[in-house]
S.K.: 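Structure incoming, see below.
Counting convention: from 1, in listed order, for ligands and their atoms alike. Sequential numbering from 1 along the given sequence is applied to the chain's residues.
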Amino acid sequence: MFNSCAAVANYASAAGIEVFSPVSHTIFDPADIIEKNGGRPPLSYQSFLKLAGEPSFSLSVELSWMPPVGDVGRCEILQVPTLKELGYVEKHQDEFTPFRGGESEALRRLRESLSDKEWVANFEKPKGDPSAYIKPATTVLSPYLKFGCLSSRYFYQCLKDVYKNVKRHTSPPVSLVGQLLWREFFYTVAFGTPNFDEMKGNKICKQIPWNDDDKLLAAWREARTGYPWIDAIMVQLRKWGWMHHLARHSVACFLTRGDLFVHWEKGRDIFERLLIDSDWAINNGNWLWLSCSSFFYQYNRIYSPISFGRKYDPNGNYIRHFLPILKDMPKEYIYEPWTAPLSVQTKAKCIIGRDYPKPVVLHDTASNECRKKMGQAYALNQRLNGRVSEEDLRKLRRKFDEDEDKQEPKPRRQRQKLIK
Ligand SMILES: Cc1cc2nc3c(=O)[nH]c(=O)nc-3n(C[C@H](O)[C@H](O)[C@H](O)COP(=O)(O)OP(=O)(O)OC[C@H]3O[C@@H](n4cnc5c(N)ncnc54)[C@H](O)[C@@H]3O)c2cc1C
């Protein structure tokens, strides 16, 4: 990205075109940070913070206004086309995203979040409840930042103003300012890393022989993994286009290194299409993180698709809302409905395997297999100092298959059972 920007600027300059490229989508200029770091992007959040320091420009809480449209000659000023005019046929959808677009709505949301100064001062991202959907545990300003309806610099300045008026406040990485700095971090690394959005040719990405199981991928995408916590999150993604950060953690871990061992690029593509805050740098950065391909390497730490959600929402209200087929399932079984006796399933009007799928994999077995595969892939990357070829990956994939076949008495299909 870094090189292509420079190439466009050089090309335009050579043709006598004045090039003006202000940086305003981010708080810092990624190119400055990379230059300060000797031409390479910092690969840890802490080193990013040290390099970034405080923003150097003067921040203003005064909003600027677009100048009026000048003389447009004989050109006609057109209205924003409707969806119909753009060729989208109206589709039946029973629930739409509750988040409205536009700058006024962005500023209203920002004011509403910041009006609770205690909440802003005490904000600690890891303590938020990913199952809170009536009042989400975070600001839900990401779609507005993504589309430029809200300036990250204005958001940052408003947060700093709140901090000035409180005795104590939390700090990065967990604070709200810390969240904006995560955004800056990923923009900087993405800007300075060739092939950031791919495994192949990406120097900061571990080379891992992920599988190409389209059936498992489809079950994940279509919210029929049989794990209600995972499926409810995927329904929220499809209907709302937004989920809490830890909910994204859960489903990304489940798809990749946690359970299904499917390539992170496939999950990234589905997020890219369905998220209303879909952002190239942040989405790729977080998929690299969650799949333990870069930034974060503790592949033994896997989110349980059962107990993680239950910790926040023991009654399963979030699941009942997004997966109404399970609304009458007693809370003892809502995270593992396949364990409910048939009489309970009948009473709840939800027979597992008919009305709601059985689990596509057995979590305990699948997650242990994933750990083993990750261990072997990491060892390969270490041995070859990151220079892993296609052939090396093919060999390791073959070894994974042989290891699975050796694991009797359970045949592979039973361990990786796809019910529907
Ligand atoms: C697999 C995966 C994919 C993701 N894809 C995207 C994406 O495409 N677009 C996107 O904006 N966020 C993405 N995120 C990051 C994060 O989940 C969202 O930014 C956050 O949930 C948005 O909600 P919020 O505005 O309420 O966040 P808040 O907690 O209120 O944070 C305020 C702002 O800080 C920024 N921010 C917060 N967390 C992160 C983070 N981990 N990385 C970078 N910036 C962050 C966002 O701009 C956010 O709007 C992804 C996370 C994961 C695990």
Side-chain angles (χ1 to χ4, degrees), residues 25-28 30 45 48 97-99 105-106 109-110 112-114 116 119-120 122-130 132-133 135-156 158-159 162 170 172-190 196-197 220 230 233-234 236-237 240-258 262-296 303 308:
H25 190 61
T26 47
I27 297 168
F28 297 95
Y45 182 78
F48 168 82
T97 184
F99 309 115
E105 177 61 12
R109 267 203 99 80
L110 177 68
E112 191 178 277
S113 292
L114 301 191
D116 188 346
W119 181 78
V120 173
N122 295 321
F123 184 93
E124 282 187 66
K125 185 68 162 270
K127 293 197 177 157
D129 175 358
Y133 65 95
K135 188 178 185 319
T138 54
T139 63
V140 194
L141 286 169
S142 49
Y144 307 95
L145 287 165
K146 180 247 157 81
F147 284 106
C149 307
L150 176 67
S151 150
S152 58
R153 297 179 178 200
Y154 180 65
F155 186 2
Y156 181 90
C158 291
L159 288 171
V162 172
T170 51
V174 297
S175 61
L176 262 176
V177 160
Q179 301 316 298
L180 280 179
L181 295 173
W182 278 113
R183 179 175 181 272
E184 299 291 313
F185 169 67
F186 285 122
Y187 264 82
T188 306
V189 186
F196 184 68
D197 58 353
W220 180 83
I230 300 297
I233 297 169
M234 294 307 288
Q236 188 184 17
L237 170 62
W240 287 23
W242 182 92
M243 318 87 92
H244 185 275
H245 184 57
L246 293 177
R248 300 181 197 207
H249 270 229
S250 296
V251 294
C253 177
F254 186 85
L255 179 72
T256 57
R257 65 182 174 88
V262 169
H263 205 310
W264 62 268
E265 289 173 14
K266 304 247 172 148
R268 180 275 319 277
D269 288 345
I270 291 167
F271 266 35
E272 187 171 286
R273 188 170 146 62
L274 296 175
L275 280 174
I276 55 170
D277 62 20
S278 152
D279 179 297
W280 184 80
I282 310 180
N283 195 27
N284 279 293
N286 276 282
W287 275 97
L288 283 164
W289 183 297
L290 261 299
S291 62
C292 280
S293 295
S294 197
F295 308 116
F296 175 78
Y303 288 95
F308 184 69

S.K.: Name the closest protein heavy atom to atom 47 (O) of ligand 1, giving the residue it belongs to and the distance to 0.1 Å.
M.R.: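 Scanning the protein heavy atoms, the shortest distance from atom 47 (O) of ligand 1 goes to Leu145 CD1, 3.2 Å.
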S.K.: Ignoring hydrogens, just give me the one of Arg183, His249, Gln179 whose non-hydrogen atom is nearest atom 34 (O) of ligand 1.
M.R.: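 The option holding the nearest heavy atom is Gln179.
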S.K.: Centre-to-centre under 6.0 Å for Tyr187 and His25, is that the case here?
M.R.: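 They qualify: ring centres under 6.0 Å apart.
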S.K.: Looking at ligand 1, does any of its N/O atoms fall within less than 3.5 Å of an N/O of Leu290?
M.R.: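 Such a contact does not occur with ligand 1.
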S.K.: Starting from atom 12 (N) of ligand 1, locate the nearest protein heavy atom and write down its residue, its atom name and how far away it is, to 0.1 Å.
M.R.: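 Answer, as residue, atom name and distance: Ile282 CG2, 3.4 Å.
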S.K.: Give a yes/no verdict on whether any heavy atom in Val251 is under 4.0 Å from an atom of ligand 1.
M.R.: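 No, that is not the case, since the closest heavy atom of the residue is not under 4.0 Å from the ligand.
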S.K.: Looking only at protein heavy atoms, which one is nearest to atom 9 (N) of ligand 1, and what is the separation?
M.R.: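 I find the closest protein heavy atom is Asp277 O, 2.8 Å.
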S.K.: Out of Lys146, Lys125, Arg248, His245, whose heavy atom is nearest to atom 38 (N) of ligand 1?
M.R.: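 Answer by nearest heavy atom: Lys125.
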S.K.: Can you check whether Phe99 reaches Trp240 side chain to side chain, under 4.5 Å on heavy atoms?
M.R.: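 Heavy-atom side-chain distance check passes, below 4.5 Å.
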S.K.: Should the proximity of Leu275 to ligand 1, defined as any heavy atom under 4.0 Å, be assigned to the side chain, the backbone, both, or neither?
M.R.: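 The part of Leu275 near ligand 1 is the side chain, not the backbone.
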S.K.: For atom 39 (C) of ligand 1, tell me which residue out of Phe271, Trp264, Trp242, Trp182 has the closest non-hydrogen atom.
M.R.: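 It is Trp182 whose heavy atom sits nearest to atom 39 (C) of ligand 1.
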S.K.: Provide, to 0.1 Å, the distance between atom 52 (C) of ligand 1 and the closest protein heavy atom, together with that atom's residue and name.
M.R.: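 Of every protein heavy atom, Asn286 CB, 3.3 Å lies nearest to atom 52 (C) of ligand 1.
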S.K.: Determine whether any heavy atom of Trp289 lies closer than 4.0 Å to an atom of ligand 1.
M.R.: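 For ligand 1, residue contact (heavy atoms, under 4.0 Å) with Trp289 is absent.
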S.K.: Which one holds for Phe123 and ligand 1: side chain close, backbone close, both close, or neither close, with close meaning a heavy atom under 4.0 Å?
M.R.: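 It is the side chain that touches ligand 1; the backbone stays farther off.
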S.K.: Nearest to atom 8 (O) of ligand 1, what protein heavy atom do you find, and at what distance?
M.R.: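 Protein heavy atom with the smallest distance to atom 8 (O) of ligand 1: Asp279 N, 3.0 Å.
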S.K.: Any non-hydrogen atom of Phe185 lying under 4.0 Å from ligand 1?
M.R.: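 Contact absent.
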